[in-house]
S.K.: 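First the structure, then my questions, so here it is.
Start at 1 and go down the list; that is how both ligands and their atoms are numbered. Nothing fancy with the numbering, it's 1 onward along the sequence.
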Amino acid sequence: MSAEETLILVKPDGVARGLTGEILRRVEAKGYRITDLRMLTASRELLAEHYEEHEGKPFFEPLLEFMSSGPVVAVRAEGNRVIEGFRSLAGATDPTAAAPGTIRGDLGRDWGVAVQQNLVHGSDSTLSAERELGLWFA
Ligand code: DAT
Ligand code: MG
């Protein structure tokens, strides 16, 4: 049986703030395995596909703008129940509401901008993990 896989992104705010190591440390300390990793500045096209479920929402354009504003680190991670487990490590979407102990709760905050700059992305289902890994690790 092969272990479950997920896509993790360290978003431009995480990279710019020098938190890549701290974030990946938490992933590894939890016991998940990093099996691939790349740094890139994502195109609008890639991001529009990645976030297709949010097309039409008021934060969609600011989200693409933010996500293409600088380099991100894309990570392939594996482990039993890693999809749910990384979402749990990441914490709630809103970094102000995210519980202390989580990546967003410990390291993120509201910067008063149009989109929540919340440091990380993690796939939310096996279907989206497969789709997103195909996009970022084509
Ligand atoms: P998550 O990243 O926790 O899976 P999501 O998929 O609902 O959250 O949204 C994708 C990203 O869009 C999220 O990380 C930050 C931004 N976002 C979501 N809801 C928002 C809102 N109400 N206002 C501003 N930005 C938002
Ligand atoms: Mg999401």
Side-chain angles (χ1 to χ4, degrees):
M1 191 184 84
S2 63
E4 187 174 279
E5 289 191 306
T6 197
L7 173 77
I8 296 169
L9 299 176
V10 180
K11 294 184 178 183
D13 55 335
V15 172
R17 289 178 56 202
L19 294 172
T20 305
E22 169 63 19
I23 290 165
L24 298 187
R25 184 194 66 74
R26 291 176 181 225
V27 172
E28 290 192 312
K30 180 77 174 177
Y32 300 129
R33 214 160 73 85
I34 292 169
T35 58
D36 204 353
L37 179 151
R38 61 188 288 237
M39 180 179 262
L40 71 158
T41 300
S43 68
R44 268 192 64 92
E45 293 66 41
L46 170 59
L47 293 166
E49 274 204 69
H50 174 79
Y51 280 125
E52 66 179 10
E53 67 183 292
H54 296 305
E55 205 185 330
K57 295 183 186 168
F59 59 84
F60 185 70
E61 280 304 323
L63 179 59
L64 296 202
E65 193 67 31
F66 162 58
M67 288 295 295
S68 60
S69 67
V72 302
V73 174
V75 176
R76 181 189 289 269
E78 73 170 28
N80 291 326
R81 302 178 67 195
V82 66
I83 295 171
E84 180 186 356
F86 179 74
R87 299 275 299 181
S88 171
L89 281 186
T93 304
D94 174 355
T96 297
T102 65
I103 292 166
R104 288 162 169 173
D106 285 348
L107 309 173
R109 52 161 284 197
D110 189 336
W111 299 96
V113 292
V115 76
Q116 282 159 350
Q117 300 196 353
N118 55 12
L119 298 167
V120 290
H121 166 83
S123 309
D124 64 8
S125 67
T126 50
L127 211 69
S128 50
E130 198 175 317
R131 190 180 76 81
E132 293 170 5
L133 284 167
L135 287 174
W136 291 85
F137 291 97

S.K.: If you take all heavy atoms of Val72 and Pro12, which pair is closest and at what distance?
M.R.: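 In this case the closest contact between Val72 and Pro12 is CG1-CD, 3.4 Å.
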S.K.: Do NZ/NE/NH1/NH2 and the carboxylate oxygens of Arg131 and Glu52 come within less than 4.0 Å?
M.R.: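 Yes, Arg131 and Glu52 are salt-bridged.
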S.K.: Go through the structure and list residues passing salt bridge (charged side-chain N to carboxylate O under 4.0 Å, His left out) with Glu65, not counting sequence neighbours.
M.R.: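 Here no residue qualifies.
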S.K.: Side-chain heavy atoms nearer than 4.5 Å, only ILVMFWY residues, links allowed to pass through others: does that put Val115 and Leu46 together?
M.R.: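 Shared cluster, yes.
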S.K.: For side chain to side chain donor-acceptor pair (under 3.5 Å), just list the numbers for Glu78 and Thr35, CA-CA rounded to whole Å, side-chain angles, deciding distance to a tenth of an Å, and then say yes or no.
M.R.: CA-CA 7 Å; Glu78 73 170 28; Thr35 58; 4.9 Å; no
S.K.: What pair of heavy atoms forms the shortest contact from Thr93 to Asn118, and how long is it?
M.R.: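 Heavy atoms only, the tightest pair is O-ND2, 3.0 Å.
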S.K.: What residues sit with at least one heavy atom under 4.0 Å from ligand 1?
M.R.: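 These residues qualify: Lys11, Tyr51, His54, Phe59, Leu63, Arg87, Thr93, Arg104, Ala114, Val115, Gln116, Asn118.
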